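Computed from a predicted structure; not experimentally measured.
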Amino acid sequence: MASTSIDSQIHGCLFSTDEMRDIFSDISLAQAWVDIEAALAKAQGELGIIPQDKADEINAHTDASKLDIASIGEAYKSSITIVPLVKAYQKMLLPSDAGEYLHWGATSQDIVDTGLILLEKKAYNVILRDMKICLRHCLNLAKKWRNQAMCGRTHVIHAVPITLGYKIAIWADELGRDIARLEEMSERVFVGQLSGAVGTLASLKDTGKGLEVQKRMMEILGLKQPTISWHVARDSQAEFSSTLAICAGTLARIAHEILTLQRSETLELEEPFFMGKVGSSTMPHKRNPQVVEGIIAVCRNVRSIAPSIVEAMFCENERDWGCLLSEWEGIPRQCHLLGQALEKSKDVLENLIVYPEHMEQNLRKLHGLMMSECVMMHLAPRLGRLTAHDIVYKTSMKAYESETFLGDVLKAEPQVMEVFTEEEIDKMMDPHSYIGYAPEFVDRVLEKYQA
C-alpha cells in the first residue's frame, strides 16, 4: 500500500509521473544492480579473470523480476550492503555455481553508487527532454507575441512598456542556460564506480587487469570510467542535485509570473482551461491558477533538497554510509518532483491563454504615467537630465494623485510647453512607441536557439 505522496493513488499525480515512478521503482533499482554485476562479470570473463562460461551464465540470467525483492528488503533491516542482492542473484543462478563468481573484487558501494548513477541518467534524459520541450514552446510564444505591447513592471508597479514576446524570450533564454548546465555536467556526473574496499582496487591488482576491467565494465554500462575512486568525493552528486534545483527555480519563476498575471485585476495570461476543470467547491465561477500553483510548490521542494545533498559531501575517511543515505532518499525525490513540474509546465506553455486586449487596457491604467521616462528622455536634451527629472516627477505626482492623464498635466506645464508641441506630447504618450529593442531582443533569442 502506498504511503508517500509520490506513490499515492490519490495525490501521486501532483508529485510525480508514471515515467519517473518506473525509473525509481524497486524493480528498476534491482535491475540496475543486476546489470552492474553482470557487466562486471562480462568484463572479467573477457579478460580471463573469471571463467568465461561462468560470466556467460551470469549474463544469461539478468531479469531482476525473478529476484525475491521482498527478501532483499527484509535483509536491509540488518545490513545495508549489497550482500542481500548478491545472495538473491546467486539463488537465481542455481543449480549452476556461476554465483560463486558474482561481485568478484567489487565492494558494496561500487554497486550502490553505480546503480544510483544509472537511475539518475535515465531520469536526466527525461528531464533534459522535457526542458527542451519547454524551451521550444517558449520560443514559439516569443515569436508569436514578439510585438504585443504590455506593461513592464518593476517592484510589482507599472514601469515602462515591453512586449509579451520579450518577457517570454527571457524565459526561453533562461531555460536554454539550464539546458546547457544539464548537458555540461553529464561528463562529470555519469561516472561509474569500481574501486574496491577503500578505493585502491587492491582486490584486482594481482590480476594485472584491474583498470582494464574497470574500463570495460563502464563501456558496457554506458558510463564514464572514474579517474580515481569517488566513494567519499560526492561533489558530482551535489552538482547534479544543485543543477536540478536551478532548473526548478526557472520553472517556478515562469509559473509564478503566469500566476501573478492571471490575477482578476490584471488577467493578461491564464493557465490552460477546459470545461470540467473546477476551481472551487463553493464558487462555481473560479478559474484558479491551480496548475501553476502546483508547479511553484513542487519546485520549492526540489530546491529545498539540494542543500541536504551538498551537506552530504561531508564524508569521513574512505567510506561513510551516513552521507550516502541522504542521496538515496533525496535525489530520487528531486527527480520525481521535477519530473511532475516539467510535465505540467509543458502543458501550460503549449496551451497558455493570452489576453492581448487586456494588455492594451492595462497599458493605460495609470493614465499615461508609465510614459514618464519617455517624456524625461525627450526633455533632457533640451533642459538637462536632472531638470527634466524634476519637472516630470512633479507633473507625474500631480497626475497620480488627481488621477488625471499625464499628457494633460504636461500640456498645462509652462516649462514643458516651451519646448514641446501638443502633438509631440501626444506621440510620447503612446506606449507602443516606447518598447525599445524588445522585438530585436526576441529575434536574438530566436536566432540563438534556432537549431
Side-chain angles (χ1 to χ4, degrees), residues 29-62 80-83 85-86 89-90 93 97-122 124 183-240 313 315-321 323-324 327-328:
L29 178 58
Q31 186 63 61
W33 288 347
V34 166
D35 290 343
I36 295 161
E37 295 286 5
L40 175 60
K42 181 176 178 64
Q44 291 174 331
E46 291 175 357
L47 293 166
I49 294 171
I50 67 173
Q52 183 64 59
D53 63 325
K54 306 303 180 185
D56 292 342
E57 182 72 13
I58 290 169
N59 276 269
H61 296 82
T62 57
I80 57 171
T81 68
I82 204 67
V83 172
L85 178 278
V86 175
Y89 197 172
Q90 187 176 35
L93 293 167
D97 67 346
E100 297 294 338
Y101 296 90
L102 280 170
H103 201 63
W104 198 273
T107 194
S108 292
Q109 193 173 339
D110 291 334
I111 310 305
V112 171
D113 275 346
T114 307
L116 183 56
I117 290 296
L118 288 175
L119 299 189
E120 285 176 14
K121 188 175 181 181
K122 289 182 179 181
Y124 163 89
E183 291 176 336
E184 288 163 6
M185 77 174 183
S186 65
E187 291 290 313
R188 294 183 293 273
V189 172
F190 301 122
V191 178
Q193 185 93 270
L194 178 64
S195 303
V198 294
T200 64
L201 204 54
S203 55
L204 294 177
K205 175 68 174 178
D206 289 346
T207 69
K209 298 179 179 178
L211 296 179
E212 292 179 66
V213 171
Q214 187 189 69
K215 181 175 185 286
R216 179 61 182 133
M217 175 183 171
M218 299 313 155
E219 288 175 349
I220 295 167
L221 294 171
L223 299 175
K224 297 291 181 181
Q225 181 182 14
T227 306
I228 193 170
S229 169
W230 51 277
H231 281 163
V232 288
R234 316 307 294 182
D235 57 293
S236 60
Q237 293 294 79
E239 181 179 10
F240 182 77
M313 290 175 66
C315 296
E316 192 167 0
N317 302 135
E318 280 63 58
R319 184 77 65 80
D320 184 354
W321 286 105
C323 61
L324 301 186
E327 296 174 359
W328 299 354

(request) Taking the side chain as every heavy atom from C-beta outward, state whether His103 and Tyr89 have any atom pair closer than 4.5 Å. (result) no
(request) Quick one: do Leu194 and Met218 satisfy side chain to side chain contact (heavy atoms under 4.5 Å, CB included)? Show the steps, please. (result) CA-CA 9 Å; Leu194 178 64; Met218 299 313 155; 4.1 Å; yes
(request) Decide yes or no on side chain to side chain contact (heavy atoms under 4.5 Å, CB included) for Ile58 and Leu93, but give the supporting numbers first. (result) CA-CA 7 Å; Ile58 290 169; Leu93 293 167; 4.0 Å; yes
(request) Indicate whether any N or O donor in one side chain lies under 3.5 Å from an N or O acceptor in the other, for Gln109 and Thr107. (result) no
(request) Enter the distance from Gln31:CD to Leu118:CG here, rounded to the nearest 0.5 Å. (result) 10.5 Å
(request) For Val86 and Trp33, run side chain to side chain contact (heavy atoms under 4.5 Å, CB included): C-alpha distance rounded to whole Å, both residues' side-chain angles, the deciding distance at 0.1 Å, then the answer. (result) CA-CA 9 Å; Val86 175; Trp33 288 347; over 6 Å; no
(message) Taking the basic N atoms (NZ, or NE/NH1/NH2) and the acidic carboxylate oxygens, is any pair closer than 4.0 Å for Asp113 and Arg234?
(response) yes
(request) Can you see which heavy atom on Asp320 is nearest to which on Cys315, and at what distance? (result) OD2-CA, 3.6 Å
(request) Would you check if Glu120 and Gln237 make a side-chain contact, meaning some heavy-atom pair closer than 4.5 Å? (result) yes
(request) Check whether any side-chain heavy atom of Val189 lies under 4.5 Å from a side-chain heavy atom of Lys224, and answer yes or no. (result) no
(request) Could you tell me which non-hydrogen atom of Ala32 sits nearest to which non-hydrogen atom of Leu119, and how far apart they are? (result) CB-CD2, 4.2 Å
(message) Can you give me the closest heavy-atom contact between Glu316 and Val232, atom names plus distance?
(response) O-CG1, 4.0 Å
(request) Could you give me the CA-CA distance, side-chain angles and deciding distance for Gln214 and Leu211, then say whether side chain to side chain contact (heavy atoms under 4.5 Å, CB included) is met? (result) CA-CA 5 Å; Gln214 187 189 69; Leu211 296 179; 4.1 Å; yes
(request) Mind checking the OG-OH spacing from Ser186 to Tyr124? Nearest 0.5 Å is all I need. (result) 4.0 Å
(request) Kindly say whether Leu223 contributes a backbone atom to a donor-acceptor pair with the side chain of Lys121 at under 3.5 angstrom? (result) no
(message) Rounded to the nearest 0.5 Å, what separates atom CD1 in Ile50 from atom CG in Asp56?
(response) 9.0 Å
(message) I'd like to check Ser229 versus Gln193 (side-chain heavy atoms, cut-off strictly below 4.5 Å). Are they in contact?
(response) yes
(message) Taking the side chain as everything from C-beta on, heavy atoms only, tell me whether Ile36 gets closer than 4.5 Å to Met217.
(response) yes
(request) With Leu40 as reference, evaluate Leu221, Thr114, Leu102, Val213 under the side chain to side chain contact (heavy atoms under 4.5 Å, CB included) test and give the passing residue. (result) Val213
(message) Within this structure, what is the CD-OG distance for the pair Glu318 and Ser195, rounded to the nearest 0.5 Å?
(response) 11.5 Å
(request) Kindly say whether Tyr101 contributes a backbone atom to a donor-acceptor pair with the side chain of Lys54 at under 3.5 angstrom? (result) no
(message) When you compare the side chain of Thr207 with that of Glu212, does any pair of heavy atoms fall below 4.5 Å?
(response) no
(message) Between Glu219 and Arg216, does any NZ, NE, NH1 or NH2 come within less than 4.0 Å of an OD or OE carboxylate oxygen?
(response) yes
(request) Nearest 0.5 Å please: distance from the CD atom of Gln90 over to the CG atom of Asp97. (result) 9.5 Å
(request) State, to 0.1 Å, how close Ala55 and Gly45 come at their nearest heavy-atom pair, and which atoms those are. (result) CB-CA, 3.8 Å
(request) Taking the side chain as every heavy atom from C-beta outward, state whether Thr62 and Glu37 have any atom pair closer than 4.5 Å. (result) no
(message) Using every non-hydrogen atom in the two residues, find where Gly105 and Leu201 come nearest and quote the distance to one decimal.
(response) O-CD1, 4.4 Å
(message) Treating Glu239 as the side-chain partner and Arg188 as the backbone partner, does any N or O pair qualify as donor plus acceptor under 3.5 Å?
(response) no
(message) Less than 3.5 Å apart, any donor N or O on the side chain of His231 or Asp110 sitting next to an acceptor on the other?
(response) yes
(message) Could you report the tightest heavy-atom contact between Ile220 and Ala43, atom names first, then the distance?
(response) CD1-N, 4.1 Å
(message) Rounded to the nearest 0.5 Å, what separates atom OG1 in Thr81 from atom CH2 in Trp321?
(response) 7.0 Å
